Amino acid sequence: MEVSGILYLVGTPIGNLEDMTFRAIATLKQVDLIAAEDTRHTGKLLHHFGIDTPQTSYHEHNSFKRVPELVEKLLQGMAIALVTDAGMPAISDPGVELVQGCIAAGIRVVPIPVVTAGIAALTASGFATQHFGFDGFLPTDKKERRDHLEILRLETRTMILYEAPHRLLRTLEDLAESLGRERRISVARELTKLHEEFWRGSIENAIAYFTMHSPKGEFTLVLQGAEPSEKPIWTEDVILKELQNLIEAGMSRSDASRQLAELADLPRRQIYQLALTL
């Protein structure tokens, strides 16, 4: 009788190696195999901590092939750790498909958490932390981006975004156009690293600052939520877009409809009928 193994989602430092946890090191030493986004990058981390566990590559371009292979190894009883280049697997990084495959196969999934850029930036932003949302990278398609920014304009929660340095100014300009130039923003750069920096102020002033100071490093943007008095305009297009986002994030049509109905204060049946058209 085959005994199922365990998939460990092992968080790794986003910059400062001292953020590596004792539990993460112990897990990476004890598993049979490490599935890494970039084996060369992870190899340096493993060498630093004296870990000699074998690796295999697992990234967005080979996940369709790797998922069944790794699930089969897990079903045979292997213990496998999934790591990405930085932070937690599956957070704006590969991993969701493998986790879904393991859940479908009845394989236990164990997270080994570590600091993430979004949460680190949020706690130091000075904005409300009781209710917040994470959007990762904005869509690159013009229409999708415009529609998504419209949803952000009405969002009352604090929102977290990621951005690359060469796209930072364009994103700030888009945010200014959609959310208003006076909306408050916290821009975190190179979190946990030697040149860690926080800039806080209006989006308009952020544009001026990063026009004068060329963006370098990885950025995490934290946006102050819209004032609660700004009532969302729930057009059919906005509802459909939000439903699509929730379903793509892994929600069922039923759960997405229920959540959106509560948010929009609309009948769940009305929302669900729209969900069926997707």
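Note that the structure is a prediction, hence the values are computed from the model and not measured. The figures here come from the full heavy-atom set of this structure, side chains too, leaving out hydrogens, waters and symmetry mates.
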Looking only at non-hydrogen atoms, find the nearest pair between [X] and [Y] and report the distance.
X: Asp19; Y: Pro13; result: C-CG, 4.2 Å
X: Pro94; Y: Glu60; result: CG-N, 3.9 Å
X: Thr21; Y: Ala24; result: OG1-N, 3.0 Å
X: Met88; Y: Leu9; result: CE-O, 3.8 Å

Mind checking ring-ring contact (aromatic ring centres under 6.0 Å, His included) for [X] and listing every partner two or more places apart, or none if nothing turns up?
X: His213; value: Tyr209
X: Tyr58; value: none
X: His166; value: none

Do the side chains of [X] and [Y] join up, straight or via other hydrophobic residues, at under 4.5 Å, putting them in one cluster?
X: Leu179; Y: Leu169; value: yes
X: Leu168; Y: Leu223; value: yes
X: Ile91; Y: Ile112; value: no

Legend entry - Pairs where residues 116-143 contributes a residue and the test salt bridge (Lys or Arg N to Asp or Glu O under 4.0 Å) is met, not counting sequence neighbours: Lys143-Asp147
Legend entry - salt bridge (Lys or Arg N to Asp or Glu O under 4.0 Å) partners of residues 29-42, not counting sequence neighbours, each pair once: Asp38-Arg40
Do any N or O atoms from the side chain of [X] and from the backbone of [Y] form a donor-acceptor pair under 3.5 angstrom?
X: Arg253; Y: Ile247; answer: no
X: Asn62; Y: His59; answer: yes
X: Thr39; Y: Gln55; answer: no
X: Thr158; Y: Ala128; answer: yes

Inset, instruction - Would you sort out whether Arg145 and Thr171 count as a side-chain hydrogen bond (donor to acceptor under 3.5 Å, both in side chains), showing the intermediate values? - result: CA-CA 10 Å; Arg145 190 179 181 92; Thr171 293; 2.9 Å; yes
Inset, instruction - Answer whether the closest heavy-atom distance between the side chains of Ile203 and Arg184 falls below 4.5 Å. - result: no
Inset, instruction - Decide whether Ser202 and Asn205 meet the rule of one side-chain donor and one side-chain acceptor closer than 3.5 Å. - result: yes
Inset, instruction - Sorted by first residue and then second, give each ring-ring contact (aromatic ring centres under 6.0 Å, His included) pair with at least one member in residues 101-133; sequence neighbours left out. - result: none
Taking side-chain contact (heavy atoms from CB on, under 4.5 Å) as the definition, give me every residue that meets it alongside [X], ordered by chain and number, with sequence neighbours left out.
X: Ile6; answer: Tyr8, Arg108, Val110
X: Glu262; answer: Arg258
X: Glu196; answer: Leu191, Phe198
X: Ala264; answer: Trp234, Leu266

Inset, instruction - Applying side-chain contact (heavy atoms from CB on, under 4.5 Å), run through Ile107 and Val71 and close with a yes or a no. - result: CA-CA 8 Å; Ile107 296 167; Val71 167; 3.9 Å; yes
Inset, instruction - Please name the residue in the list Tyr162, Trp199, Phe210 that meets the ring pair (Phe, Tyr, Trp, His ring centres under 6.0 Å) test with Phe219. - result: Phe210
Considering only distance and modelled atom types, tabulate donor-acceptor pairs under 3.5 Å from the side chains of residues 267-278, sequence neighbours left out.
from	atom 1	to	atom 2	distance (Å)
Arg268	NH2	Ser254	OG	2.6
Thr277	OG1	Leu274	O	2.5

Legend entry - More than 12 heavy atoms from other groups under 6.0 Å of NZ on Lys73: no
Legend entry - Cationic N near anionic O, under 4.0 Å, Glu173 to Arg170: no
Legend entry - With Ser178 via side-chain hydrogen bond (donor to acceptor under 3.5 Å, both in side chains) - residues at least two apart: none
